[in-house]
J.: 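Supplied in structure tokens, the structure appears directly below.
Order of the sequence lines fixes the chain letters, A, B, ..., with proteins taken first and strands second; residue numbering starts at 1 for each chain. In this text, all values refer to a predicted model and were calculated from it rather than measured experimentally.
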Amino acid sequence: MSDAPLNFIEEIIEADNASGKWKGRVHTRFPPEPNGYLHIGHAKSIVLNSGLARRYGGKFNLRFDDTNPEKEEQEYVDSIIRDVKWLGGDFEDRLFYASDYFGQMYDWAEQLIQKGVAYVCDLNQDQMKEYRGDWNTPGKNSPYRDRSVEENLDLFRRMRKGEFEPGAKTLRAKIDMTSGNINLRDPVMYRILKESHHRTGDTWCIYPSYDWAHGNEDSIEGITHSICTLEFENHRPLYDWFLDQLGVHHPQQIEFAKLQLTYTVLSKRNMLYLVQNGITRGWDDPRMPTLSAMRRRGFPPEAIRAFAEDVGVTKVESVIDIGRLENAARDHLNKHAPRRLGVLKPLKVTITNWPAGQVEEVEVQNNPEDEAAGTRKVPFSGELFIERDDFMEDPPKKFFRLGPGREVRLRGAYFVACTEFVKDASGTVVELKCTYDPATKGGNSPDGRKVKGTLHWVSAAHAVDAEVRVFDRLFAAEFPGKGHEGERPFLKDLNPNSLEILKGAKVEPSLAGAAAGDRFQFERLGYFTVDLDSKSGGLVFNRTVTLKDTWAKEQAKG
RNA sequence: UGGGGCGUCGUCUAAAGGUAGGACAUCAGACUUUGACUCUGAGUAUCGUGGUUCGAAUCCACGCGCCCCAGCCA
């Protein structure tokens, strides 16, 4: 437990514990509908719910809210389980499905019919809408509202048996057609759906609606604090009404503001569009905000958790600067990612005074943030590659890298000075000729001479070829779609440079055996992970995030 | 225009009638074998108007602004 201030949900829990409301019990749940992939917004909910359980010695359930067979699929169930586990949401053996409770819910529905507070309605969809009224007009009672208990029971049982077509009848709660809260105007509890369910098959042809089902699910599982997002605030009176009518265990619904991020689109509909139209390469394209994509891109789950905790929990609708997510990744990776040397856009360097054919091993620290990470040997020779951006033909004074006559340090190796540069016919610099100072081995000069810059490098003969996928934000606008007209305004804000594939990268030889998912810092560049597409002999890296770069910022200012 | 919710630095978020604090971002500097990390410093906020009070972000009143709701989706 930390001494950080409590968020409003923790305050509720501590008050409940103090009053003995739940006898000290805390039981939360994450209840996704298996109709899409989990994204960073869901991560906030998972971290919140599972974190509360952990903090207060309670329990956390994973429960699929699979009440709509028209939209749900096993593929999504599998991906969600994988993602929740990866994030560290510890539901132990408590993996549940709303569909497991269909029998209980059906019995409870009959109970409400017996009680006279639920009825079978024959109104079709258009009629029901008309009878419902609107914000300024109270609704009218359905003509079927006063059927007898016997008739309702008979009809409901026949609905279950499949005697009626989809849409022909519904079971409705008898509440108040004039309520200012439209959710209370006799909401639908069951609809007829002749659709095969991914778990129950064709056992059922009537399916419970969200409002009826959700409280039941929470109640059955003994949930104490049922946490959901703000848009369900209007549904809470209904949640309470059903549970009160049933007289069963009654959890408290609490609403919080969902996560929104700048430069990001998080709606399932829009994400599906990006995937189906090939704008990204599937749900796990590293530019997507899904958890599978973020995993593939190299985000550590610990970083996502830290981020989710850092942004806080309130009822204020807020948009988080995506830079904070990137920062969370840097923060974790800085402490844990081993450093390596890799050159994204190589420029050849020949050390003219290096003994021909000689190879030396230099010792480089694996992680200056972590002494225990130790050191490694990296081969150095007279033919090297450095980063193209680290040389300028006519550099400004504040450029600390290589230029004609300038001297820099090669990380862990020697000081080198540029004596000459070679251009091809088109005027592009293709090679540098440098001299090295043998007295500076390891990177220190005995005469106390200073250099401003330290460059990363690889030995040409020893380097391993790699493809590097350099990602940038998928959208170029802070609020994608804002200010544009049309069907899918967010498409107008797509960043045309969100993916750059660098085929000719060169990395140090120790990376040859790296496996998919391994994360590294390429010194001075950023954090990189080995992509799923990587095969031995064909290394592929994803750039997770760059290092902070004040030089680039300076340049951008002009 | 009915019902529900929300307004604190640029962005998040604390302060439960008593010094408006922190993080990220920004700017300036120190350090540096990563222009990273780390460290130091700076500026910037209580939606408005009244009221209660010795004292109000906090309590009261009246406004204003933004979000959600008219699926047999969740």
J.: Would a line drawn from the ring center of F522(A) to the ring center of F541(A) be shorter than 6.0 Å?
T.: yes
J.: What form does the base of G71(B) take, syn (within 90° of 0) or anti?
T.: syn
J.: Any donor-acceptor pair under 3.5 Å between the side chain of E11(A) and the base of A16(B)?
T.: yes
J.: Between the base of U1(B) and the side chain of N136(A), is there any donor-acceptor pair under 3.5 Å?
T.: yes
J.: If you assign each of F232(A) and K315(A) to its closest nucleotide in RNA chain B, which residue comes earlier from the 5' end?
T.: K315(A)
J.: Given D390(A), which partner from the list R401(A), K345(A), R406(A), R409(A) fulfils the salt bridge (charged side-chain N to carboxylate O under 4.0 Å, His left out) test?
T.: R401(A)
J.: Nearest nucleotide by nearest heavy atom, which residue falls closer to the 5' end of RNA chain B, A552(A) or V319(A)?
T.: V319(A)
J.: Against the six-membered ring of Y97(A), is R199(A) placed for a cation-pi contact (under 6.0 Å from the centre, within 45° of the normal)?
T.: yes
J.: Please indicate whether K194(A) has more than 12 foreign heavy atoms, meaning atoms of other residues, nucleotides or ligands, lying under 6.0 Å from its NZ.
T.: yes
J.: Indicate whether Y210(A) forms a stack on A74(B); treat it as stacked only if centroid distance is below 5.5 angstrom and interplanar angle below 30 degrees.
T.: no
J.: Do we count F400(A) as stacking onto G35(B) if the rule is ring centres under 5.5 Å and planes under 30°?
T.: yes
J.: Taking atom types as they are modelled, is there a donor-acceptor pair under 3.5 Å from the base of C68(B) to the side chain of N234(A)?
T.: yes
J.: What distance, rounded to whole Å, do you find between the two P atoms, one in A57(B) and one in U52(B)?
T.: 16 Å
J.: Heavy atoms only, 4.0 Å cut-off, all strands: where does L259(A) land among base, sugar-phosphate and nothing?
T.: nothing
J.: May I ask you to verify whether the side chain of D549(A) and the base of G35(B) hold a donor-acceptor pair under 3.5 Å?
T.: no
J.: Less than 3.5 Å between a donor and an acceptor, one on the side chain of R401(A) and one on the base of G35(B), is that the case here?
T.: yes
J.: OP1 or OP2 of C73(B) versus the side-chain N and O atoms of T67(A): is any pair under 4.0 Å?
T.: no
